[in-house]
Number of protein chains: 2
Amino acid sequence: MSEQNQTSLHTLKISCSSCSLRELCLPVGLNREEMGQLDAVIRQSRRLKRGEYLFRSGESFKSLYAIRTGFFKTCVASQDGREQVTGFLMSGELMGLDGISSSNHSCDAVALEDSEVCELPFTRMESLSRDIPSLQHHFYRLMSREIVRDQNVMLLLGNMKAEERIAAFLLNLSQRLSTRGFAANDFILRMSREEIGSFLGLKLETVSRTLSKFQQQGWITVDHKHIQLVLVDELKNLISGCMHADGH
Amino acid sequence: MSEQNQTSLHTLKISCSSCSLRELCLPVGLNREEMGQLDAVIRQSRRLKRGEYLFRSGESFKSLYAIRTGFFKTCVASQDGREQVTGFLMSGELMGLDGISSSNHSCDAVALEDSEVCELPFTRMESLSRDIPSLQHHFYRLMSREIVRDQNVMLLLGNMKAEERIAAFLLNLSQRLSTRGFAANDFILRMSREEIGSFLGLKLETVSRTLSKFQQQGWITVDHKHIQLVLVDELKNLISGCMHADGH
DNA sequence: GGCGAAGCTTGACCCTTATCAAGGCGGAAT
DNA sequence: ATTCCGCCTTGATAAGGGTCAAGCTTCGCC
């Protein structure tokens with residue numbers, strides 16, 4: 001129950017009425033009526049193919065999107081075409097929060113595999129959140145959580161060496177996958193070396209070399225996008241000391 | 001009017017009833033009654049001396065803080081004592097949003113000069129924002145804005161070279177100071193070289209060297225903490241191309 | 001099934017920035 | 001006014017990661 005609550009406060013598990021009424025909506029203790037209201041607001045889910053854009057920087061902001069299935073990256077582009085990946089997102093996570101501030105999206109969201117999202121029209125969610133205090137609180141927490149996540153990325157980009165970044169990246173993926181019921185130590189990367197590098201502030205060659213090095217040391221196995229974590233403690237050891245004092 | 005609105009949506013100009021009733025509260029179009037309600041929630045302002053902590057990472061989160069006067073840094077510390085400055089904040093800006101997600105502050109906030117803040121007890125702001133839709137919307141926008149700001153810092157840390165970072169930093173400071181009615185091209189740095197370096201992912205020596213280089217080129221003058229921007233266009237030139245495509 | 005493009009690995013080299021070190025300056029406290 | 005300490009500058013050196021290049025594998029497309 002407390003464990004359940006813990007994750008429920010941090011992830012947005014949504015089911016669209018049209019998709020699967022069985023799965024619980026926004027697990028923040030809504031009663032039947034409130035769930036009905038929420039259900040009425042959530043739009044039909046949308047499917048995207050690998051490579052497809054969910055939204056682009058500059059487009060007018062209308063909705064948030066919760067990932068039902070699949071995998072996304074968000075990125076900001078600079079004028080000269082350089083791109084910074086700002087996050088990798090998986091099922092249950094929310095995209096588009098950056099768009100609220102200016103009514104325009106400030107980043108791109110791209111599906112890295114065939115995916116399905118629920119659309120949450122923001123103005124309707126906003127007014128609904130006035131009627132449902134726990135929903136409002138949930139949104140504040142979600143946004144705050146995003147801010148904390150970003151701070152931790154800054155810590156990574158500002159302070160950590162290449163090996164530490166890669167280790168932190170692998171462990172973070174592992175942890176989030178296991179939360180979703182997938183194997184923690186055996187997974188397929190959905191993104192390219194270049195995208196990993198962009199996220200971590202490294203070049204793709206450095207990503208490749210570092211993964212090879214970890215493999216040589218027996219800490220992981222690398223078969224293209226198939227990664228296995230063998231000696232997790234060694235990875236954790238590498239980043240102990242450079243992680244946030246509160247431990248994530 | 002549109003200019004007025006533009007800034008009003010992005011900054012939180014607060015006056016505490018006890019401090020100065022003249023200055024406008026949260027300029028989001030509140031009527032007299034709403035302003036009264038808000039005023040009742042805002043706690044007496046608190047004064048801090050240079051070096052004093054407003055809150056520390058791990059402390060339980062109760063309130064947001066709006067800066068009335070002064071200058072702050074926020075930073076996260078790693079286990080081994082390394083510190084990453086995550087932001088520099090000046091009057092009208094809001095601190096503590098990171099604390100909402102876990103009910104604990106996830107960073108430190110330190111006054112870099114004698115300062116004064118307004119305390120906004122969060123649960124009371126939260127319930128007030130249910131009664132005042134424009135206030136709720138304002139908070140969503142503020143949080144979103146923080147997310148966008150963080151994304152831009154990631155872009156800086158992930159993609160830019162030392163000179164570009166310093167130039168972006170100086171121009172950002174300049175822009176924010178001029179918004180507040182201070183000189184855009186002649187200001188005093190409130191933070192040390194080390195703190196600048198921490199924020200920008202550089203060592204203090206690199207910060208010092210880069211400032212010296214800019215001075216040699218005649219782009220700026222540096223007299224310890226006193227900075228003058230002489231050839232702003234050269235600085236802008238340096239970062240054109242590596243800035244966000246939307247232009248900040 | 002074969003072809004081409006994209007993505008990955010690895011090596012060699014070099015550049016940027018970190019590190020180490022020494023000395024100067026200024027401000028705060030006495 | 002003086003001293004001490006923190007902060008800053010500058011130089012010399014080193015290392016981490018970027019850049020360039022070549023070759024290989026895989027996957028998607030025809």
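Keep in mind it's a predicted model, so treat the numbers as computed, not measured. Lettering follows sequence order; numbering is per chain, from 1.
- At whole-Å resolution of the value, CZ in A/F214 and P in C/dT9 are 14 Å apart.
- The CD-C1' distance, from B/E163 to C/dT17, rounds to 12 Å in whole Å.
- Under the side chain to side chain contact (heavy atoms under 4.5 Å, CB included) criterion, A/D150 pairs with A/E146, B/I147, B/D150, B/M154, not counting sequence neighbours.
- Residues meeting the salt bridge (charged side-chain N to carboxylate O under 4.0 Å, His left out) test with B/K62, sequence neighbours left out: none.
- Geometrically, A/R180 does not engage A/F182 in a cation-pi contact, judged by NZ or CZ lying under 6.0 Å from the ring centre and within 45° of the ring axis.
- Not counting sequence neighbours, the partners of B/R82 by the salt bridge (charged side-chain N to carboxylate O under 4.0 Å, His left out) test are A/E164, B/D80.
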- [ ] Starting at the 5' end of nucleotides 18-23 of chain C, put B wherever the base has a protein heavy atom under 4.0 Å, S where only the sugar-phosphate does, and a dash everywhere else.
- [x] SBB---

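- Here the range on DNA chain D touched by chain A, meaning any atom under 4.0 Å from one of its heavy atoms, is D/dG17 to D/dT26.
- Atom CD1 in B/I166 sits roughly 10 Å away from atom P in C/dT17 (whole-Å rounding).
- With hydrogens and angles disregarded, a donor-acceptor distance shorter than 3.5 Å links the side chain of B/R165 to the backbone of B/M160.
- Residue contacts shown for A/K213 are absent, as no nucleic acid heavy atom lies under 4.0 Å away.
- One atom, CG of B/L200, and another, P of C/dT17, lie 12 Å apart when rounded to the nearest Å.
- Between its opening and closing five pairs, the helix from C/dG1-D/dC30 to C/dT30-D/dA1 changes axis direction by 60°, a value rounded to 10 degrees.
- Aromatic pair A/F72/A/F88: centroids not less than 6.0 angstrom apart.
- Among residues at least two apart or in separate chains, salt bridge (Lys or Arg N to Asp or Glu O under 4.0 Å) pairs with a member in residues 210-229 of chain A are A/E163-A/K213.
- Taking the salt bridge (charged side-chain N to carboxylate O under 4.0 Å, His left out) definition, one finds that A/E113 meets it with A/R190, sequence neighbours left out.
- Proximity of a side-chain donor or acceptor of B/S115 to a complementary backbone N or O of B/F71 within less than 3.5 Å is detected.
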Open item on the list: Each nucleotide in nucleotides 24-30 of chain C should get exactly one letter: B, S or -. Can you fill that in based on protein heavy atoms under 4.0 Å?
Closed with: --S----

Show which side-chain atoms of residues 193-200 of chain A pair as donor or acceptor with protein atoms under 3.5 Å away, not counting sequence neighbours.
from   : atom 1 : to     : atom 2 : distance (Å)
A/R193 : NH2    : A/H224 : O      : 2.8
A/E195 : OE1    : A/S192 : N      : 2.9
A/E195 : OE1    : A/S192 : OG     : 3.4
A/E195 : OE2    : A/K73  : NZ     : 2.9
A/S198 : OG     : A/E83  : O      : 2.9
A/S198 : OG     : A/V85  : N      : 2.8

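- Residues passing the salt bridge (charged side-chain N to carboxylate O under 4.0 Å, His left out) test with B/R209: none are found, sequence neighbours excluded.
- Note: CE (B/M160) to C1' (C/dT17) measures 16 Å, nearest angstrom.
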Side chains of residues 228-242 of chain A: which donor-acceptor pairs under 3.5 Å do they make with residues two or more places apart or in other chains?
from   : atom 1 : to     : atom 2 : distance (Å)
A/Q228 : OE1    : A/T221 : OG1    : 3.0
A/Q228 : NE2    : A/D186 : OD2    : 2.9
A/S240 : OG     : A/N237 : O      : 3.1

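- Counting heavy atoms from C-beta on, the side chains of A/L177 and A/M90 come closer than 4.5 Å.
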